[in-house]
Amino acid sequence: MGILDLSRRNLMGRFGDLARAPRVLFGGAAHAHDHALDAEWLATAGVEGGFAPVMLGADYAATQVKAGAQRLHWVEPNPDGRTAIAVARRPGTMAVLFECRSGAVLATFEPGEGRVFSGHGRFIDGGRRFLAVEIERASGQGVVTRRVVEADFAIEAEWASAGIGPHDMLPAGGALVVANGGVEPHTPEAVGAEVAGASVARLDPQTGEVRSVAELGEDLESLSLRHLASGPDGLTVIAAQDLLADGMARPLVYAVEGEGLRAFDAPEEEWRGLRTYVGSVAVDASGSFVAAASPRGNRVAVWKRDGRFLGSLTLVDGCGLAPTREGGQFLATSGLGEVALIAADEVGVGVVARRSGGPRFDNHAVLAAG
């Protein structure tokens, strides 16, 4: 079945009303009944007055939760489907728990003393606990904290992330996988730097004991390993950003395999087209396809799970990326307020539907629990 056939037969009827403006919820319980929404995806966006979590319905219309001043980065859905947590970064001192149907803000919490959030966190234990990645302000060393949700997110355990500048983390393959990004590209610390000092650590999910730490070779040591995604069968991928803009075509997507990393394949011009920066990565619902988005390169690239390159397409300032509930499909969002539905098959990749007029979507999108 080709991509164009998929578009005509199954998708276009769902996108008849593509011009509707975003809706706004103001976070109060009094609004819950009047503005109930079944969120299909969750994201963050820059809105008037600051930043906000955003809920996207099945019609791809965006509903904003009450805005705040801090930049909210990742949204983590609770497995129960009722709530989600948006985690801030830059400056990264707040996380927000909100209700997915009403948009009501239920609670906020902060990182440990002397630390900042990196923008990412994950629910575990069926939503009873929350893991957060934090960075010590003074040293840059990483800390993973385990918090009890019903105890106002009190920290019950914390472990070293086995690296500096951790950015993302997820449970996969019986371990807690942490992307220690090292020196972050496009920051003051990155000026003149050529070695990121990045690594991928695998920790025991109960004790935090370090099981393994994988690093890239000398020819790839300028890469900062930053964003993680996993598939239904445990396939775990990681995306990188490059400190150097020297024209070299370095791979920016890897699979985490055992205690090592396997680079994905792509023509040199495709790696260069990502312009040293992958801001988001996702695995589709079937576990067969991997997508990476580059807002600097204005494109989304797609691979088979074995690392075989399928193709890329244009999405200006596109960065948010999430699977749909159908295999071979991804939702992508852009800083220009566009939502695109991307489909991949053995032949290639293409955009099968678009919607414009949304808010200024930020880095990430995620499929809501369902």
Side-chain angles (χ1 to χ4, degrees), residues 1 3 6 40-42 74-81 84 120-127 129 131 133 144 167-179 199-206 211-214 225-240 251-266 278 280-293 300-311 320-332 341-349 364-370:
M1 177 172 63
I3 291 174
L6 175 66
E40 190 74 7
W41 292 272
L42 304 169
W74 172 261
V75 181
E76 173 71 5
N78 193 318
D80 66 10
H120 287 266
R122 308 281 176 170
F123 278 106
I124 59 170
D125 293 343
R129 288 174 172 82
L131 296 174
V133 192
V144 177
H167 186 67
D168 200 358
M169 158 269 301
L170 57 75
L176 182 60
V177 183
V178 184
S199 66
V200 175
R202 297 173 64 254
L203 310 181
D204 184 285
Q206 298 301 320
R211 292 180 177 175
S212 65
V213 178
L225 298 167
R226 305 197 63 75
H227 290 113
L228 291 158
S230 63
D233 62 354
L235 170 68
T236 302
V237 294
I238 187 166
L252 298 179
V253 179
Y254 298 80
V256 180
E257 293 187 340
E259 298 183 359
L261 301 171
R262 170 176 56 84
F264 277 31
D265 295 323
V278 172
S280 186
V281 66
V283 181
D284 82 307
S286 71
S288 299
F289 300 95
V290 175
V300 176
V302 181
W303 290 261
K304 288 282 292 180
R305 63 173 290 134
D306 61 3
R308 178 169 62 87
F309 182 73
L310 285 175
L321 200 58
T324 75
R325 303 192 193 280
E326 301 294 330
Q329 294 183 12
F330 298 93
L331 178 93
L341 185 64
I342 296 169
D345 59 20
E346 295 293 333
V347 177
V349 57
H364 295 295
V366 62
L367 184 66

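Bear in mind that the values here come from a model prediction, so they are computed numbers and not experimental data. Residue indices begin at 1 and follow the sequence shown.
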Decide yes or no on side chain to side chain contact (heavy atoms under 4.5 Å, CB included) for V256 and L261, but give the supporting numbers first. CA-CA 5 Å; V256 180; L261 301 171; 3.8 Å; yes
Test side-chain contact (heavy atoms from CB on, under 4.5 Å) applied to A301 - qualifying residues, sequence neighbours left out: W303, F309, S312
Please evaluate residues V281 and I238 with respect to the criterion side chain to side chain contact (heavy atoms under 4.5 Å, CB included), reporting the C-alpha separation (whole Å), side-chain torsions for both, the decisive distance (0.1 Å), and the verdict. CA-CA 7 Å; V281 66; I238 187 166; over 6 Å; no
How long is the span from the CD atom in Q329 to the CG atom in D345, to the nearest 0.5 Å? 11.0 Å
Rounded distance (nearest 0.5 Å) linking atom CZ of R325 with atom CG of D284: 14.0 Å
Starting at CG of L42, measure out to CH2 of W74 and round the result to the nearest 0.5 Å. 9.5 Å
Can you list everything that forms a side chain to side chain donor-acceptor pair (under 3.5 Å) with S230? Sequence neighbours excluded, please. none
Enter the distance from R308:CZ to F289:CZ here, rounded to the nearest 0.5 Å. 8.5 Å
Compare every heavy atom of L225 with every heavy atom of A179, then report the nearest pair and how far apart it is. CB-O, 3.6 Å
In terms of heavy-atom contacts, I124 and L131 come closest through CG2-CD1, 3.7 Å
Between H364 and H167, how do the two ring planes meet: parallel, tilted or perpendicular, split at 30° and 60°? tilted
Within the side chain of S199, is there an N or O that forms a donor-acceptor pair under 3.5 Å with the backbone of A201? no
Looking at residues at least two apart in the chain, or sitting in another chain, which of them share a side-chain contact (heavy atoms from CB on, under 4.5 Å) with A285? none
Is it true that the side chains of E259 and S212 contain a donor and an acceptor less than 3.5 Å apart? no
Minimum heavy-atom distance A365-A322, with the two atoms named: O-CB, 3.5 Å
Residues passing the side-chain contact (heavy atoms from CB on, under 4.5 Å) test with A175, sequence neighbours excluded, are R202, R211
Does L321 offer a backbone N or O that forms a donor-acceptor pair with the side chain of W41 under 3.5 Å? no
Could you work out, with side-chain contact (heavy atoms from CB on, under 4.5 Å) as the rule, every residue matching V133, not counting sequence neighbours? S118, P166, M169
Pairs where residues 167-177 contributes a residue and the test salt bridge (Lys or Arg N to Asp or Glu O under 4.0 Å) is met, not counting sequence neighbours: R122-D168
Decide yes or no for V302 and V290: does some side-chain heavy atom of the first lie under 4.5 Å from some side-chain heavy atom of the second? no
Once rounded to the nearest 0.5 Å, what's the spacing between atom CZ of F330 and atom CG of L341? 10.5 Å
What is the distance from atom NE2 of H120 to atom CD of E76, rounded to the nearest 0.5 Å? 10.5 Å
